[in-house]
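Notes follow the structure.
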Amino acid sequence: MKRHTILPVLLLIVALVLAACGGGQATEEEAPDQGDGQPPAGAVDEIVLYNWSEYIDPEILSMFEEETGIVVTEDNFSSNEELLAKLQGGATGYALIVPSDYTVSIMKEEGLLAKLNQDNIPNLSNLSEQFRNVPYDPGNEYCVPYQWGTTGIGYLSSKVEEPTSWAVLFDPDPDAPYFGRATMLDDVRESFAAALIYLGYDPNTTNEAELQEAKELLIKAKSALAGYDSDTYEDLLASEENLLAHGWNGDFLFVVEDNPDIAYTIPQEGGVIWVDNICIPSSATPEQKEAAEKFINFLLKPDVGALLSEWNYYASPNAAAEDILGEEFLSDPSVYPPPDVLSRLHYLEPVGEFEAVYQRLWDEVKAATP
Ligand code: N2P
């Protein structure tokens with residue numbers, strides 16, 4: 001073979017070997033034209049992320065801006081229903097949103113999500129296998145799993161005995177120290193799920209009689225509640241204004257630093273498990289979508305995925321990030337529930353027409369005097 005024919009063949013062999021070596025390993029690929037600190041001409045230089053409160057390390061936004069020149073600003077919601085209503089109402093301007101599993105299904109059905117251009121998201125390969133094929137979005141056609149976690153009870157361990165049953169909320173003892181100093185999530189599906197699970201019913205039930213029973217229980221629980229809260233309940237525990245709260249695991253773990261007395265548990269009857277996802281609304285412009293895909297690809301870098309979970313104390317769907325997170329994090333049972341706990345957890349699912357029934361009953365709960 002002549003020299004000029006050998007070279008391309010050699011290059012091909014090197015390329016094939018490199019490709020083979022890279023198989024199954026963590027990658028940190030960059031989508032086209034990323035990394036020069038400047039958005040390309042005609043591209044947007046600012047996008048809005050519509051997210052749950054305190055759900056991203058601000059450092060991640062700064063790092064992304066430094067790398068791409070794109071500023072990510074945040075707007076916050078407190079529940080899936082608030083996010084859904086906002087999009088259903090025709091809100092524009094959001095490039096990224098973070099719905100939970102069951103809400104992804106609803107949004108897909110209602111045409112509220114844009115399909116991802118996976119060519120712009122090569123770091124998708126860093127996701128763990130199980131998160132490449134979630135039932136509500138097989139193949140990550142619309143969304144990328146962001147964090148996952150559980151819903152249970154946080155409490156001050158030196159003042160309250162470990163709550164082993166949801167009875168602490170649904171059959172509250174007026175003499176208990178937490179009576180009047182407890183909160184429940186201001187979240188229709190989560191609060192109904194807690195009551196339905198306590199009753200031994202399916203948290204996705206569409207049986208009116210079961211829902212009525214759950215409603216009565218939620219009203220009864222109000223006598224022990226200081227209020228409903230999904231945004232500051234962990235701070236109210238940390239300051240010891242409250243002693244017990246229904247909430248999300250990572251939010252409690254986040255404030256252990258401020259008050260080491262805070263503990264988290266999932267009652268014996270079970271709890272909720274959820275996966276939050278980062279997606280692009282169909283109302284995003286092509287330029288916003290391109291910037292949003294850059295951001296999603298950035299989040300999927302192993303080190304960025306690790307930063308996200310380290311800051312949030314939520315479990316990572318990113319296998320490459322988990323390699324960095326290390327054993328201590330991965331073996332924390334409050335973050336990664338052990339198999340016996342996992343077997344008692346339920347995913348929320350869309351309930352179709354019944355969403356309106358849940359909402360009506362929830363409005364009645366909120367308006368009721370216990
Ligand atoms: C973060 C809230 C977690 C979202 N503050 C629960 N789906």
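Every number for a ligand or one of its atoms is a count from 1 in the order of the listing.
Defined by atom type and a distance below 3.5 Å, a donor-acceptor pair is missing between the side-chain atoms of Gln268 and Trp166.
Side-chain N or O atoms of Thr68 include one that pairs as donor or acceptor with a backbone N or O of Ile70 at under 3.5 Å. Looking only at distances, no side-chain donor or acceptor of Gln359 sits under 3.5 Å from a matching main-chain atom of Val188. Between the side chain of Asn51 and the backbone N or O of Asn76, no donor-acceptor pair lies under 3.5 Å. Side chain of Thr265 to backbone of Pro267: no donor-acceptor contact under 3.5 angstrom is found.
Residues Arg360 and Glu364 are paired through a salt bridge, judged by an N-O separation under 4.0 Å between the basic side chain and the carboxylate.
Every protein residue with a heavy atom nearer than 4.0 Å to ligand 1 is included here: Trp52, Ser53, Glu54, Tyr55, Ser100, Trp248, Asp251, Trp274, Asp276, Tyr314.
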